[in-house]
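One structure below.
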There are 2 protein chains.
Amino acid sequence: MAEVARLAQVSTATVSRVFNEPAKVSDSIQQRVREAAAALHWIPNAAGRALASRRSHIAGAIIPTLDNEIFARQISGMQAVFAENGFTLLLGCSNYDPAEGLNQVQAMLAQGIEVLALVGENYPPQAFDLLRQRGIPYVLTYGFRHDSPHPCIGFDNRAAFRQIADYIVSLGHKRIAAIFQPVDANDRVVARLEGLREGLAAGGVTLRATDLHIGPSSMDFGAESLRRIMASKTRPTAIICGNDNLALGAISAALDLGFDIPNDLSITGFDDLAIVSRIAPQLTTMRVDNLEIGRLAGQQLVQAAGGGVPVQSHELRADLRLRATTSPPRSAAGATAAAGDGNDADDHKPRHQQPRAGIRTQRVEHDLQEDKKQRRAP
Amino acid sequence: MAEVARLAQVSTATVSRVFNEPAKVSDSIQQRVREAAAALHWIPNAAGRALASRRSHIAGAIIPTLDNEIFARQISGMQAVFAENGFTLLLGCSNYDPAEGLNQVQAMLAQGIEVLALVGENYPPQAFDLLRQRGIPYVLTYGFRHDSPHPCIGFDNRAAFRQIADYIVSLGHKRIAAIFQPVDANDRVVARLEGLREGLAAGGVTLRATDLHIGPSSMDFGAESLRRIMASKTRPTAIICGNDNLALGAISAALDLGFDIPNDLSITGFDDLAIVSRIAPQLTTMRVDNLEIGRLAGQQLVQAAGGGVPVQSHELRADLRLRATTSPPRSAAGATAAAGDGNDADDHKPRHQQPRAGIRTQRVEHDLQEDKKQRRAP
DNA sequence: CTGAAAGCGCTTACAG
DNA sequence: CTGAAAGCGCTTACAG
């Protein structure tokens, strides 16, 4: 910077102003300085700048994992907003581990982040203490609770699953099972289960302990759980899954066993992953605009940076997308296996002619929004 | 820091040493300093540290987009390695725009990144000039070329598609079409097309201009292209797609039209996305270990940081995964439509009884590696 | 509109 | 093993 100043025959103060408060510098000098900077390929040093101005222009974001379309999308939206506003994004992954999350928070604080976005509430209290202590604006994304002590931008997981439960109950299902991802250190999943139980209870349905399967959020666990569920004496007529991955696995296993979806069995997911509306049977699920969550979080944080407006919570809607995997149970009474011999766990013979059934993508009328913007890859 | 020093009754130099060169400080003083730091919730300020030490401990990574499983995975691997080594990750997306890529490079340079990972070569030369000028170690990821002027960690796109072409030709296909993503500002796609043409030429097959469809990397474009291709007078018996997304679209459209895959038509993809081995017909495609690319890049850069070892190139293999969407053409002569009336673009009647066919996921023997580590979401 | 100078929070020779 | 002090590259009152 000193060299630039020398070349342009001005002081370093003037060089600084040209790039930070150009209105305060005359045009002729501005030009001279810009030319000098260009000639020397000078790029201001952020460390010096941060130290002097007490502003780092660094924003932090911590998510559980990038191996998930929904979080990647949030980051995508956030990154765009930050980039537009001169912020760079420091990214951290907690891998669903609160302790690792705290580490990331500390590392980011040390790096001088001005603001921070975090997915969910599952961090040690110390993490939030540190943020408050330093006056770092932060926002929790993805989940939203009216009674949250933190500003949050997302949707109400509990209400969303209450809605799914209400819908399934309204269809006439009496016997319902669930396949969920792990609940530990995951406030969102806990809320989903609460909403689910609440909705079922309101409809006079109980979720029995043996009908709730909890495990890895993979298609394989979804499939395995479905096989176990359908091998029981009294089969459910509907299965509510904690997310789309689990639902995809469950569907494929169900079709494999020869069940007719949705007539024999209704299945729901959550997330509306890109693939699920392009596969037959198209999955009934809920959609959350994660790109928008990321954008809103970014905007709020940019505004809050440097002591601006405080961060405001925003509640987004989760939209139920009714598609082809749900319907009323076959008989009004509920076509449970109990109506049959009921004791035959091997009653898995295909009911259709297909030698091997499974989920199938279809050319169907689906929401085309995703394809409007030209996607390119890789 | 001054307060910590005062509380511990030492100089700031000693406080600094406790955290950076603990071996040089006596145990008793170390303890005093650590206690004081803890009591004051002190976290060293990275800007001051970076300014004084000339080391920022910030690593940069620029990818085209996070909306893609493969890049997200690379970042995931890289982030883990960086975190283990005390580096924080600054993430940028170029959206496949070289100019935006240069912006990101400049912003990151200003932030003081010590090292940088970039996907591909499509950046203005100035970007690389800046990096060399400042002696910032960098590495290109994903693509690999033996004759690249830059260190790179990835696979040979050209060789990979040469392999696909060779395989398809070896099956006996004579008439082959292709559906690809845009080639502009994408060296990897260019290389793929070269490899494809090379392989076809070696097998005496020409890729005619009308048989090459280039457009958005979406399922929809894949489907649309397939319909166009199969409406032509002389239909191909095989279609090579630039990636899995396009292939998924093509398959769904083909099944929809009643074609039997692979007997009527072989289709290949690239990427081995999580879903494609769980869908029927399972896609023949190629797999690249993107997590490993990210990890290797991270390791190389960590070692190169602060004037360590220079970054070394690494070539990874792309593995052909032969699955259910490829086979020899139905007849030895190649069952092109030319053998039929040939002039009927409406010859799209379903040949099977399925009212609506499509891709289907299946419970099948597939590579379970992905599921070994418990995945959790959301 | 411009400049001289203090200072942001650390690290690091240098001296002891 | 420890400390005094210079300095990293900027910004920002303050003065003119």
Side-chain angles (χ1 to χ4, degrees), chain A residues 1-34 36-37 40-58 86 88 106-107 109-114 134-136 305-307, chain B residues 1-34 36-37 40-58 86 88 106-107 109-114 134-135 306-307:
Chain A
M1 183 179 189
E3 288 179 38
V4 173
R6 204 177 310 135
L7 216 185
Q9 303 186 64
V10 295
S11 68
T12 58
T14 298
V15 174
S16 172
R17 286 193 197 99
V18 167
F19 293 96
N20 297 313
E21 306 170 292
K24 294 188 178 175
V25 183
S26 69
D27 289 353
S28 60
I29 288 194
Q30 266 201 50
Q31 199 185 338
R32 241 161 62 206
V33 170
R34 290 186 193 281
L40 297 173
H41 299 288
W42 178 72
I43 294 179
N45 172 307
R49 194 178 186 181
L51 203 52
S53 69
R54 276 103 177 289
R55 296 212 45 181
S56 67
H57 294 280
I58 296 179
T88 40
Q106 286 175 318
L109 248 18
Q111 290 292 348
I113 49 165
E114 290 191 39
R134 277 147 221 272
I136 305 287
Chain B
M1 183 178 189
E3 287 180 37
V4 173
R6 204 176 311 135
L7 217 184
Q9 304 185 64
V10 296
S11 68
T12 58
T14 297
V15 174
S16 172
R17 286 193 199 99
V18 168
F19 293 96
N20 296 313
E21 306 170 292
K24 294 188 177 175
V25 183
S26 69
D27 288 354
S28 60
I29 289 194
Q30 266 200 54
Q31 199 184 340
R32 242 161 62 207
V33 171
R34 290 187 193 281
L40 297 172
H41 298 289
W42 177 72
I43 294 179
N45 172 306
R49 192 179 187 179
L51 203 53
S53 70
R54 279 104 176 288
R55 296 211 46 179
S56 67
H57 295 281
I58 297 179
T88 41
Q106 286 175 317
L109 248 18
Q111 290 292 350
I113 49 165
E114 291 191 39
R134 277 149 221 268

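A note on names: the letters A, B, ... follow the listed sequences, proteins ahead of strands, and every chain is numbered from 1.
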Residue pair B:P44/A:Q30 against DNA chain C: nearer the 5' end by closest nucleotide is A:Q30
Is a salt bridge present between B:E3 and B:R6, judged by a nitrogen-to-oxygen distance below 4.0 Å? no
Contact summary for A:I58 and A:Q111, nearest pair of heavy atoms: CD1-O, 3.8 Å
Do A:R55 and A:R49 come within less than 4.5 Å of each other through their side chains, counting heavy atoms only? no
For a quick check of understanding: with a heavy-atom distance under 4.0 Å over all strands, which category does B:A5 fall into, base, sugar-phosphate or nothing? nothing
Between B:V10 and A:I43, just flag the one whose closest nucleotide in DNA chain D comes earlier from the 5' side. B:V10
Taking every non-hydrogen atom, the tightest pair across A:A37 and A:V4: N-CG1, 3.8 Å
Taking heavy atoms of chain B and a 4.0 Å limit, find me the 5'-most and 3'-most nucleotide of DNA chain C within that range. C:dG9 to C:dA13
Pairwise C1' distance, C:dT12 and C:dG16 [rounded to whole Å]: 16 Å
Take N1-N3 plus N6-O4 or O6-N4 for Watson-Crick, N1-O2 plus O6-N3 for G-U, both under 3.5 Å. Which runs of 3 or more such pairs involve DNA chain C? C:1-3 with D:14-16, C:5-12 with D:5-12, C:14-16 with D:1-3
Among residues 47-57 of chain B, which contact DNA chain D at a heavy-atom distance under 4.0 Å? B:L51, B:A52, B:R54
For residues A:E21 and A:K24, determine if any side-chain heavy atom of one lies less than 4.5 Å from a side-chain heavy atom of the other. yes
Contact between B:T88 and B:H57 at the side-chain level, heavy atoms closer than 4.5 Å - yes or no? no
Using a 4.5 Å cut-off on heavy atoms from C-beta on, say whether the side chain of A:S11 contacts that of A:T14. yes
Locate the shortest heavy-atom distance separating B:A110 from A:I43; write the atom from each residue and the value. CB-CG2, 3.3 Å
Side chain to side chain, B:N45 and A:L51, heavy atoms closer than 4.5 Å: yes
CD of A:Q106: more than 12 outside heavy atoms within 6.0 angstrom? yes
Minimum heavy-atom distance A:E114-A:S56, with the two atoms named: OE2-N, 3.0 Å
5'-most contact on DNA chain C (nearest-nucleotide basis), A:K24 vs A:A13, goes to A:K24
